[in-house]
Amino acid sequence: MRNEWLRSDRLPHIYCAGCGNGTIMNCVLEAITQTGWDRTRTVFLSGIGCSSRAPGYIMTDSLHTTHGRAIAFATGVKMADPSLHVVVFTGDGDLAAIGGNHFIHGCRRNIDITVVCMNNHIYGMTGGQGSPTTPLGKTSTTTPYGAEEAPFDLVELAIAAGANYVARWTSYHVKQLTDAVYDGLLTPGFSLIEVRCQCPTSYGRRNKYREPTDYMTYLKTNAILKRKWEEMERSGENISPDSFPVGEFVRRSRPVMGVPDEA
Amino acid sequence: MRNEWLRSDRLPHIYCAGCGNGTIMNCVLEAITQTGWDRTRTVFLSGIGCSSRAPGYIMTDSLHTTHGRAIAFATGVKMADPSLHVVVFTGDGDLAAIGGNHFIHGCRRNIDITVVCMNNHIYGMTGGQGSPTTPLGKTSTTTPYGAEEAPFDLVELAIAAGANYVARWTSYHVKQLTDAVYDGLLTPGFSLIEVRCQCPTSYGRRNKYREPTDYMTYLKTNAILKRKWEEMERSGENISPDSFPVGEFVRRSRPVMGVPDEA
Amino acid sequence: MRHEIRFSGFGGQGIILSAVILGRAAALYDNKNAVQTQVYGPEARGGASMSAVIIDDEPILYPKVRDPDTYVIMSQQGFEKYGCNTRDDAVMLLDSDLVHDRPSCRYVGIPATSVAKKELGRDIVANIIMLGALTTATSVVSGGALEKAILDSVPKGTEDLNLKAMKKGQELGIQGESS
Amino acid sequence: MRHEIRFSGFGGQGIILSAVILGRAAALYDNKNAVQTQVYGPEARGGASMSAVIIDDEPILYPKVRDPDTYVIMSQQGFEKYGCNTRDDAVMLLDSDLVHDRPSCRYVGIPATSVAKKELGRDIVANIIMLGALTTATSVVSGGALEKAILDSVPKGTEDLNLKAMKKGQELGIQGESS
Amino acid sequence: MKLEIDESRCKGCNLCTLVCPYKIYRPGSRPNRKGIYVPEMDRPERCPNCRLQELYGRRLCGMCALICPDQAIKWVPEKPYEPMKVVIEY
Amino acid sequence: MKLEIDESRCKGCNLCTLVCPYKIYRPGSRPNRKGIYVPEMDRPERCPNCRLQELYGRRLCGMCALICPDQAIKWVPEKPYEPMKVVIEY
Amino acid sequence: MQGNIACAEGALAAGCNFFGGYPITPSTEVAEHMASRMPKITGSCFIQMEDEIASMAAIIGAAWTGARSMTATSGPGFSLMMENIGYAVMTETPCVLVNIQRGGPSTGQPTMGAQGDMMQVRFGSHGDYSIIALCPSSVQECFDLTAKAFNLADRFRTPVFLMADEVIGHMREKLEIPDSVEIIRPKTLPEGTLPFTAGPDGVPGFAPFGIGRFTHVTGLTHDERGYPDTTNPACHESLVKRLVNKIENARHEIADYTIVNENARYVFVCYGAPVRTVKEVVDRMKIPDTGYLQLKTVWPFPEELLLRFPNVQAFIVPEMNLGMISREVERHVSVRVIPVGRIGGELHPPEELIQAVKIAGGDV
Amino acid sequence: MQGNIACAEGALAAGCNFFGGYPITPSTEVAEHMASRMPKITGSCFIQMEDEIASMAAIIGAAWTGARSMTATSGPGFSLMMENIGYAVMTETPCVLVNIQRGGPSTGQPTMGAQGDMMQVRFGSHGDYSIIALCPSSVQECFDLTAKAFNLADRFRTPVFLMADEVIGHMREKLEIPDSVEIIRPKTLPEGTLPFTAGPDGVPGFAPFGIGRFTHVTGLTHDERGYPDTTNPACHESLVKRLVNKIENARHEIADYTIVNENARYVFVCYGAPVRTVKEVVDRMKIPDTGYLQLKTVWPFPEELLLRFPNVQAFIVPEMNLGMISREVERHVSVRVIPVGRIGGELHPPEELIQAVKIAGGDV
Ligand SMILES: Cc1ncc(C[n+]2csc(CCOP(=O)(O)OP(=O)(O)O)c2C)c(N)n1
Ligand SMILES: Cc1ncc(C[n+]2csc(CCOP(=O)(O)OP(=O)(O)O)c2C)c(N)n1
Ligand code: SF4
Ligand code: SF4
Ligand code: SF4
Ligand code: SF4
Ligand code: SF4
Ligand code: SF4
Ligand SMILES: [Mg+2]
Ligand SMILES: [Mg+2]
């Protein structure tokens with residue numbers, strides 16, 4: 001049961017009311033219980049950020065590391081003992097700003113870990129600065145006049161860098177997300193599951209989604225299934241700049257590292 | 001004339017006999033003279049590595065920076081004075097190992113600089129360790145039994161990260177390379193020109209191409225024009241693992257940064 | 001005269017902003033010296049947050065509030081963490097709906113949050129109500145100075161709402177449940 | 001007896017390997033103490049590179065060669081940088097095709113590179129020829145020790161070639177152009 | 001099984017009100033001791049999980065609990081309906 | 001114009017020998033003072049650049065100079081054939 | 001106004017026109033304020049970089065175009081900047097770094113004040129070097145010293161560090177903004193002079209990029225032309241000694257301090273937030289026999305100032321660390337040195353320092 | 001055998017089974033040797049990471065699985081590791097770092113020897129902390145001290161630094177490899193004890209990942225459970241003081257040194273390459289009245305050893321930097337301290353030290 005994986009002595013967690021991170025934790029733990037993995041043989045890692053606090057609430061061994069470096073630490077854990085299951089929680093800033101290099105190298109090596117990125121398009125922990133996934137024009141404390149730098153597409157980046165499994169969902173799509181995490185956990189090699197999620201406090205507040213429920217409605221409305229998205233692209237249909245495709249983008253078997261011999 | 005751009009008091013340079021870096025410098029300077037850029041308004045930057053020594057032989061202002069960071073320094077130069085022309089020389093280690101994050105962020109921001117990567121698949125300067133572009137199975141001092149990590153495709157990475165211009169040639173294709181650099185220089189936004197080139201000393205020696213001429217013949221033989229490559233892929237033709245496509249891969253106009261207002 | 005004022009509540013209530021406004025009122029419009037400080041942590045979002053102001057006619061050297069004479073407490077947890085060991089001659093303004101305990105010193109209970117929500121339609125101005133009450137229930141700051149400082153500090157378009165909240169607070173500061 | 005031997009040439013000639021082999025021969029097979037050091041830079045690829053060995057019956061404390069009694073010089077630039085201020089009682093082995101100047105001390109010229117290329121087909125064994133010559137032209141190392149050290153150090157499959165080179169060097173060490 | 005919101009965890013975000021197909025949750029109307037408006041429940045026994053979880057031996061629907069960022073929603077056994085007990089009583 | 005290899009720069013890599021369509025460069029056979037086998041030239045006057053550079057006012061072919069990693073290949077004006085001078089003499 | 005905002009305003013007053021940064025508590029407000037102000041100032045650029053390494057790189061790049069450039073960070077980010085700080089030192093790049101110190105080591109206490117990076121700023125990059133570090137103890141000093149930092153950076157062609165702390169950075173008090181601040185730009189490089197040839201003060205003239213002086217800048221050991229010369233011991237020695245001496249020999253000129261009660265027997269040596277407690281104890285409570293030396297310049301350490309107290313029996317050094325600058329004091333004096341280290345985030349209360357005075361006086 | 005290779009062999013002899021590194025002159029041979037040896041040893045992993053930050057991260061991750069893990073680097077890479085070094089300190093992760101020092105600052109002199117990172121190793125990461133640093137002066141000591149470093153790392157649950165230099169790292173001399181080396185693994189964490197509850201020596205038992213102890217490891221200030229508690233001054237103070245004291249209080253136990261001529265009047269304090277010159281001067285040339293203290297453990301600085309020379313008139317401290325450990329000596333003694341700093345890459349020749357003795361004796 002999912003609850004057994006929680007450190008209930010640490011709850012409630014520090015997340016703001018309605019923060020998507022808590023939901024994502026639920027889905028990841030749900031997926032993990034489905035794999036039947038042993039709690040003593042599963043390790044969570046993270047960097048720094050709101051998202052990266054997640055492992056602290058989970059009752060396994062865990063490393064809450066330095067900002068951006070979780071995948072590099074995870075590489076050490078997994079290569080030193082491939083029989084451990086390794087899952088990384090990270091944020092958009094942690095993964096794609098300061099941690100971008102470890103991210104692409106994790107994908108390239110195709111190291112057998114699963115990375116769940118809670119992408120709230122903002123630096124939540126430090127109070128709402130722009131991140132490399134802040135969409136053009138959106139406001140943050142460091143883009144008070146609207147973001148001028150184009151954002152990354154984390155899915156494309158992971159694919160180009162070589163990851164074996166890449167999917168994107170939102171914190172609204174709890175079932176699909178759970179399934180995607182499950183698939184990611186079981187696919188040998190590097191798995192990235194990007195989860196677009198609400199940060200009502202730091203992002204929503206400045207971008208018209210102060211209420212968690214409004215924010216979630218926004219996510220629900222703008223997430224378009226990959227197949228549908230491709231159709232729309234093909235037919236030249238007008239796609240809202242707020243919309244984005246969700247689904248599984250890659251599942252393949254490039255050479256991997258850190259897969260236990262017996263697997 | 002190309003020669004005017006050289007610091008002849010520093011020649012001969014430190015490169016080994018037959019090193020491809022010198023050739024690439026020639027092509028870049030040839031392309032630059034074709035643009036008619038002013039030597040006083042052109043700045044070269046580089047990180048650390050054999051390749052990164054190139055700016056030291058060019059008679060302009062130049063910054064030979066720290067390992068992997070040239071693009072970050074270049075971002076400072078270009079954003080502080082967009083009227084300067086900014087060109088970065090880098091190596092595969094410099095760009096894609098330690099510098100990978102600045103690389104993808106340079107592409108994402110699409111900052112108006114031109115990056116020439118001298119990709120010799122090895123850390124030349126430090127004596128021949130494997131790099132993130134060392135092909136599977138090739139030997140180096142840190143992969144004495146053959147590389148086990150899959151290499152990056154720098155072109156795909158640059159495209160996924162958002163660069164406006166991306167091309168790949170080899171040090172054999174001096175004319176095409178010159179043209180590609182010329183196009184890169186003139187395309188607003190981030191341009192990456194990957195040049196596969198010979199390092200007879202550190203790579204060739206351990207991988208059966210000790211003689212520069214043999215090495216160059218190898219490059220010539222295995223570089224396949226992009227169009228032909230795509231045809232071969234389509235027709236399911238057997239492509240040698242040593243082969244790679246060359247040509248222009250992307251030319252587009254995503255939002256850019258650091259382009260002077262009057263341009 | 002020297003005053004040390006401590007504010008506490010939970011994250012999102014504008015505890016720090018309250019102190020900033022008070023400090024500004026004292027320094028710019030009451031012509032005193034003022035230093036504003038705070039304690040915050042990542043937990044501030046849920047847990048108890050605290051901010052403080054020292055107001056003095058003399059220059060303020062040591063900047064930290066150590067033994068406040070005035071408290072503004074807006075949550076039970078804030079009360080427990082920062083408001084339970086008051087000195088006897090202190091005075092405490094508390095949000096009477098959210099703080100369930102009562103201090104041993106003199107206090108004035110203000111139903112700031114419910115009034116803000118019900119009468120003004122926005123619970124985020126509860127802190128301004130508390131500030132308003134401060135001008136009538138204590139002598140740390142003048143109403144005029146506070147009004148100017150509020151106008152300096154709140155987002156454009158919300159001036160009226162905030163002034164209304166201040167006025168409401170001034171009334172409640174006189175009427176409120178008190179000991 | 002103490003010997004300080006300095007090797008110089010250009011990058012790629014195996015200047016460091018020569019010193020390593022010599023040090024190994026002395027330490028492991030002549031039962032002396034030996035310390036090997038070098039100077040190198042990025043320029044070593046083109047410019048002059050230098051390595052050195054101290055051989056002594058006593059433990060070697062200060063490890064750097066400061067006033068060599070023996071030189072092995074394989075390029076003109078190496079001569080200019082590291083071989084021109086020899087002490088009078090020193091002896092220098094030089095590659096007579098590549099070093100154009102001659103020292104004031106006793107010297108033995110060995111056409112190592114051209115012999116290596118012409119007679120043995122591989123110019124990379126020129127350094128081994130020089131080492132061979134060292135055993136006959138000086139007393140710093142014994143032929144037997146050198147042979148063992150060479151066999152320890154060279155890539156598998158090249159033992160014969162290298163031993164041939166050593167033998168050739170031993171001959172040239174006696175016959176070579178000398179002062 | 002009985003549906004419960006753990007008041008020590010709930011932060012009043014109302015996401016549960018958004019996802020329940022049965023509209024069992026409604027935004028709370030009064031703050032609790034901590035100042036939080038915990039949602040109110042409208043006939044929670046309508047939740048299929050309450051009714052059928054034991055029977056099916058697995059969780060049904062569960063959207064609310066999956067989406068609740070604060071791990072505040074749970075099902076607790078209700079004494080009178082424990083099947084074991086039922087068996088014994090008859 | 002006369003084709004020259006700058007011996008102070010050439011490192012003997014032989015890449016010029018690989019690319020010249022006229023096979024003007026041949027691997028050197030004797031080391032120079034620095035021990036380098038500088039390529040030898042076989043009738044360099046065949047190079048179109050030597051003959052036509054001045055005439056066309058731009059560099060032709062130029063493969064060897066572009067590929068030479070050591071910036072060692074250059075064309076230097078040859079006194080007797082300098083057009084200016086020619087004009088004066090006649 | 002908040003100390004962090006005062007830093008930003010001080011920088012803008014000094015003409016800072018390039019800010020490259022990466023957010024980190026408790027320095028974030030510096031960047032945020034720059035982000036809102038700079039886009040409105042022509043010729044200015046605010047850029048949020050991908051990390052602190054890139055931030056430091058970017059401000060160095062910008063400085064070489066002649067911009068007045070700056071970054072702001074806190075402990076973890078500061079640690080990441082160490083390599084490029086060394087590069088700025090070696091290449092003599094004028095730039096300003098603000099470090100709003102928080103509790104370390106590691107992620108430590110992100111929201112609490114500390115002064116634990118005072119040795120790091122001096123020794124945190126590899127190799128031998130010197131830097132200039134200033135420490136404000138009030139919001140006004142945040143403004144004044146940041147503006148001053150730019151002048152020192154240009155004057156000595158070196159990175160200058162404003163080593164504030166969370167206490168001062170997040171404190172709000174009145175700030176008087178002067179109509180204008182003094183601005184000293186770098187000496188220009190005379191025609192015909194090599195780019196790294198220095199005058200008697202050890203500081204070369206500055207030729208920014210784009211003016212046709214064709215300067216090659218490298219972090220390798222280089223000669224006066226700027227060309228690498230990495231295996232020549234003499235070249236390295238003269239370069240590095242010059243870099244160190246141009247700062248160490250100017251410690252008099254750079255020293256910025258306040259001395260109160262020269263005749264005191266118990267002398268506080270203090271900088272940053274603890275100055276406030278020291279002032280409370282000495283200026284307000286007037287504890288007998290006490291005086292103080294407030295260092296606004298902490299590095300280069302102005303050791304000669306320690307000699308200005310003829311009757312001193314003990315130096316008391318209150319710091320929000322386990323004793324860093326007290327180590328430096330110990331090196332230079334023979335009287336007793338009493339470090340009063342305090343970590344955990346709270347400023348020393350006056351009683352703690354009064355207690356130290358008692359200890360110094362043998363009362364305890 | 002070369003010093004660098006001896007390091008690698010020492011590590012392997014000590015059971016090192018995880019190496020994460022990034023090449024850099026002059027340390028590269030350590031990694032290269034590991035790359036050729038480790039793939040042949042079952043249960044061992046050599047991995048070349050994308051940079052030094054990742055290398056440091058990887059060895060910490062590996063250490064938590066119970067591996068004996070190590071990296072090797074030089075100046076620029078060392079600077080990049082600073083943040084994660086602080087993390088290893090804060091999380092009490094046993095691991096070994098080799099730094100083959102080269103000439104700095106910045107890229108400096110990549111191929112020349114130096115000892116310029118001796119203060120950086122102690123103070124280079126933000127915040128207050130302590131570490132253990134060992135300095136070999138021969139190829140044999142490279143082997144011995146690297147092996148020892150692993151034991152100290154496990155014994156004290158802390159990163160341990162082998163601070164060698166290019167001179168020793170690239171020197172070749174005879175190495176005697178013992179049949180086996182002593183191996184001390186960390187204390188295990190007793191059942192029922194919290195993961196960060198320490199015994200009287202300040203060192204907690206170690207529960208590696210995978211054995212069901214569910215340890216949460218964080219670089220934030222944490223309580224004995226390992227849970228973050230970042231705004232509680234007492235928690236921070238007790239944690240950081242314990243981390244510092246577990247090392248500083250054990251300086252006796254950790255000290256590794258050689259003393260020659262206790263009755264000397266002129267005493268060299270030396271470590272690393274300059275030990276060779278000191279030995280030449282004292283042991284071989286037998287310059288009168290000279291003796292020495294060779295520090296194999298430089299940090300924690302074993303200050304009490306300075307008291308072992310009853311007749312000392314001057315301490316002479318030869319270093320391949322501008323005077324780093326001499327600063328530490330100055331703090332602790334009242335006799336004259338003569339730093340003999342030398343930079344540029346060349347080891348002090350004997351004459352230079354003899355000259356220093358003359359100066360100490362007033363002959364000059
Ligand atoms: C080296 C370093 N730089 C900066 C920070 C400050 N910092 C903490 S969290 C964070 C951003 C987190 O953003 P993200 O990963 O998106 O997480 P979120 O809080 O949004 O979940 C930053 C910049 C840090 N801790 N360390
Ligand atoms: C921070 C840091 N790490 C490592 C090094 C050592 N180093 C110098 S060059 C280099 C690799 C260069 O490889 P590449 O960029 O491919 O250049 P090449 O020499 O092959 O042209 C390395 C690792 C360094 N100088 N700085
Ligand atoms: S700041 Fe944003 S991301 Fe962080 S806990 Fe609050 S809502 Fe979640
Ligand atoms: S080592 Fe390789 S890359 Fe470096 S100069 Fe030599 S050939 Fe070129
Ligand atoms: S489990 Fe489903 S039906 Fe039951 S309360 Fe939750 S959301 Fe509603
Ligand atoms: S989703 Fe959870 S935290 Fe949010 S209101 Fe519902 S029960 Fe409370
Ligand atoms: S320019 Fe062309 S034809 Fe002339 S020598 Fe060079 S390669 Fe040959
Ligand atoms: S290409 Fe240049 S360097 Fe190479 S052999 Fe020809 S002339 Fe010499
Ligand atoms: Mg985020
Ligand atoms: Mg390379």
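Numbered from 1 within each chain, the chains take letters A, B, ... in sequence-line order. Keep in mind that this is a model prediction, so the values were computed, not measured. What's counted below: heavy atoms across the whole structure, side chains too, no hydrogens, waters or symmetry copies.
The contact between H/Ile47 and chain A is made entirely by side chain atoms (from C-beta outward), counting heavy-atom distances below 4.5 Å. Interface residue A/Leu63: backbone and side-chain heavy atoms are both found under 4.5 Å from chain H.
Nearest heavy-atom pair across H/Ala67 and A/Ala80 is CB-CB, 4.4 Å. Across A/Met79 and H/Cys45, no two heavy atoms sit closer than the pair CB-SG, 3.7 Å.
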Present all donor-acceptor pairs from chain A to chain H with distances below 3.5 Å, rounded to 0.1 Å.
{"residue": "A/Arg7", "atom": "NH1", "partner": "H/Phe214", "partner atom": "O", "Å": "3.4"}
{"residue": "A/Arg7", "atom": "NH1", "partner": "H/Tyr227", "partner atom": "OH", "Å": "3.1"}
{"residue": "A/Arg7", "atom": "NH2", "partner": "H/Phe214", "partner atom": "O", "Å": "2.9"}
{"residue": "A/Asp9", "atom": "OD2", "partner": "H/Tyr227", "partner atom": "OH", "Å": "3.3"}
{"residue": "A/Arg41", "atom": "NH1", "partner": "H/Gly210", "partner atom": "O", "Å": "3.0"}
{"residue": "A/Asp61", "atom": "OD1", "partner": "H/Phe214", "partner atom": "N", "Å": "3.1"}
{"residue": "A/Asp61", "atom": "OD1", "partner": "H/Thr215", "partner atom": "N", "Å": "2.8"}
{"residue": "A/Asp61", "atom": "OD2", "partner": "H/Gly210", "partner atom": "N", "Å": "2.7"}
{"residue": "A/Ser62", "atom": "N", "partner": "H/Thr215", "partner atom": "O", "Å": "2.8"}
{"residue": "A/Ser62", "atom": "O", "partner": "H/Val217", "partner atom": "N", "Å": "2.8"}
{"residue": "A/Ser62", "atom": "OG", "partner": "H/His216", "partner atom": "ND1", "Å": "2.7"}
{"residue": "A/His64", "atom": "N", "partner": "H/Val217", "partner atom": "O", "Å": "2.7"}
{"residue": "A/His64", "atom": "O", "partner": "H/Tyr87", "partner atom": "OH", "Å": "2.9"}
{"residue": "A/His64", "atom": "ND1", "partner": "H/Thr218", "partner atom": "OG1", "Å": "2.7"}
{"residue": "A/Thr66", "atom": "OG1", "partner": "H/Asn84", "partner atom": "OD1", "Å": "2.7"}
{"residue": "A/His102", "atom": "ND1", "partner": "H/Glu50", "partner atom": "OE2", "Å": "2.9"}
{"residue": "A/Arg109", "atom": "NH1", "partner": "H/Glu50", "partner atom": "OE1", "Å": "2.8"}
{"residue": "A/Arg109", "atom": "NH2", "partner": "H/Gln48", "partner atom": "O", "Å": "3.1"}
{"residue": "A/Arg109", "atom": "NH2", "partner": "H/Glu50", "partner atom": "OE1", "Å": "2.9"}

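The candidate from H/Ile60, H/Ile59, H/Ile211 with the greatest count of non-hydrogen atom pairs under 4.5 Å with chain A is H/Ile60.
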